[in-house]
Student: 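Pasting a structure below so you can have a look.
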Amino acid sequence: MTPLHDWNLSPTEAIALQRRLAGRVEHTDRLAPVRRIAGVDIGFEQGGEITRAAVVVLAWPPAGEGRFEVVEQAVHREPTRMPYVPGLLSFREVPAALAAFERLETRPQLALVDGQGIAHPRRLGVASHLGLWLDLPTIGVAKKRLCGRHGEPGPARGDWAPLVDDGPGGEETIGAVLRSRRGVKPVFVSPGHRLCLETAVAWVVACLGRTKLPEPTRLADRLASRRDQKRR
DNA sequence: GCGACAG
DNA sequence: ATCTTGTCGC
């Protein structure tokens with residue numbers, strides 16, 4: 001069987017693989033009771049030479065208003081071997097993310113990933129790809145749009161506008177443009193694996209703290225970019 | 001041919 | 001993604 005993250009694939013083969021894998025992604029809710037939520041993100045060091053994957057595991061539910069307890073953290077660094085190509089991001093980031101996950105002692109029931117879920121040209125963004133490989137429910141939380149069209153979401157936290165794109169059978173909703181914080185540019189939420197859009201949006205909103213990004217992704221972002229110690 | 005383009 | 005200081009605003 002072809003590995004889900006074979007980085008020795010040509011762009012054409014990678015695209016064909018994504019089309020096949022997209023058929024395995026589950027778009028309906030199927031998640032175990034949540035007690036641990038993971039945040040995943042990838043950063044780079046030394047001008048991109050080194051890929052740095054970070055996973056942060058938070059306890060659910062939070063102790064207070066957006067006050068999550070960090071249960072565990074894991075970082076994995078390795079030489080970067082793939083360039084960034086729009087639409088093929090998972091081949092560049094998933095291998096390192098998997099290595100970071102292997103370092104965890106706790107197994108989360110849900111993971112929020114920095115990037116798109118099914119809001120992808122072939123409906124297999126990095127969040128979906130990772131969820132499929134880890135056999136875990138995942139949600140994609142991106143800061144920018146990759147594909148699809150949308151209107152402007154309302155001004156209040158939690159307001160969202162559907163992200164739609166044309167598919168084989170016509171127009172389909174692939175994600176939500178969510179206002180995670182008043183007066184701030186919205187984030188792009190899309191199901192990764194094993195949950196529907198409404199459930200994905202609900203979890204992201206439930207994980208919001210005071211900032212634009214939900215806590216799992218925000219903390220993983222800081223760890224991946226070593227912003228947690230880079231302060232001086 | 002001309003844009004658009006997750007991280 | 002990353003390179004980077006101060007600055008405006010709640």
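Letters go in sequence order (proteins before strands), and every chain restarts at 1.
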Student: How many angstroms lie between CG in A:Leu31 and NE2 in A:His193, if you round to the nearest 0.5 Å?
Tutor: 11.0 Å
Student: Scan A:Glu93 against the nucleic acid and name what it touches under 4.0 Å (heavy atoms): base, sugar-phosphate only, or nothing.
Tutor: sugar-phosphate
Student: When you measure from the side-chain N and O atoms of A:Ser225 to the phosphate of C:dA1, is any distance below 4.0 Å, counting only OP1 and OP2?
Tutor: no
Student: When the ring centroid of A:Phe91 is compared with that of A:His129, is the distance short of 6.0 Å?
Tutor: yes
Student: Reading 5' to 3' and counting Watson-Crick or G-U wobble pairs with both distances under 3.5 Å, write the dot-bracket notation for DNA chain B, | for bases paired outside the strand.
Tutor: .......
Student: So which atom in A:Asp29 and which in A:Cys196 form the shortest heavy-atom distance, rounded to 0.1 Å?
Tutor: OD1-N, 2.9 Å
Student: Name the pairs: protein N/O against N/O of nucleotides 4-6 of chain B, kept only if under 3.5 Å.
Tutor:
{"from": "B:dA4", "atom 1": "O3'", "to": "A:Arg145", "atom 2": "NH2", "distance (Å)": "3.4"}
{"from": "B:dC5", "atom 1": "OP1", "to": "A:Arg145", "atom 2": "NH2", "distance (Å)": "2.5"}
{"from": "B:dA6", "atom 1": "OP2", "to": "A:Tyr84", "atom 2": "OH", "distance (Å)": "2.5"}
{"from": "B:dA6", "atom 1": "O4'", "to": "A:Gln116", "atom 2": "NE2", "distance (Å)": "3.4"}
{"from": "B:dA6", "atom 1": "N7", "to": "A:Gly87", "atom 2": "N", "distance (Å)": "3.1"}
{"from": "B:dA6", "atom 1": "N6", "to": "A:Gly87", "atom 2": "O", "distance (Å)": "3.1"}
{"from": "B:dA6", "atom 1": "N6", "to": "A:Leu88", "atom 2": "N", "distance (Å)": "3.4"}
{"from": "B:dA6", "atom 1": "N6", "to": "A:Leu89", "atom 2": "N", "distance (Å)": "3.1"}
{"from": "B:dA6", "atom 1": "N6", "to": "A:His120", "atom 2": "NE2", "distance (Å)": "3.4"}
{"from": "B:dA6", "atom 1": "N1", "to": "A:Val126", "atom 2": "N", "distance (Å)": "3.2"}
{"from": "B:dA6", "atom 1": "N3", "to": "A:Gln116", "atom 2": "N", "distance (Å)": "3.2"}

Student: Measure the distance from CZ on A:Arg52 to C1' on C:dT2 and round it to the nearest whole Å.
Tutor: 14 Å
Student: Is the shortest heavy-atom distance from the side chain of A:Thr173 to the side chain of A:Leu163 under 4.5 Å?
Tutor: no
Student: Starting from C1' on C:dT2, measure out to CZ on A:Arg92 and report it in whole angstrom.
Tutor: 11 Å
Student: How long is the line joining CG of A:Leu112 and P of B:dG7, in whole Å?
Tutor: 14 Å
Student: For A:Asp41 and C:dA1, give me the distance from atom CG to atom P, rounded to whole Å.
Tutor: 7 Å
Student: Let me know the distance between CZ of A:Arg210 and P of C:dG9, rounded to the nearest Å.
Tutor: 21 Å
Student: Rounded to the nearest 0.5 Å, what's the gap from CZ on A:Arg52 to CD1 on A:Ile50? Could you check?
Tutor: 11.0 Å
Student: For A:Arg107, does the CZ atom have more than 12 heavy-atom neighbours from other residues, nucleotides or ligands under 6.0 Å away?
Tutor: yes
Student: Do you know which two heavy atoms are closest between A:Leu178 and A:Trp160, and how far apart they sit?
Tutor: CA-CB, 3.9 Å
Student: If every non-hydrogen atom of A:Leu124 is compared with every non-hydrogen atom of A:Ser128, which pair is closest and at what distance?
Tutor: CD1-CB, 4.0 Å
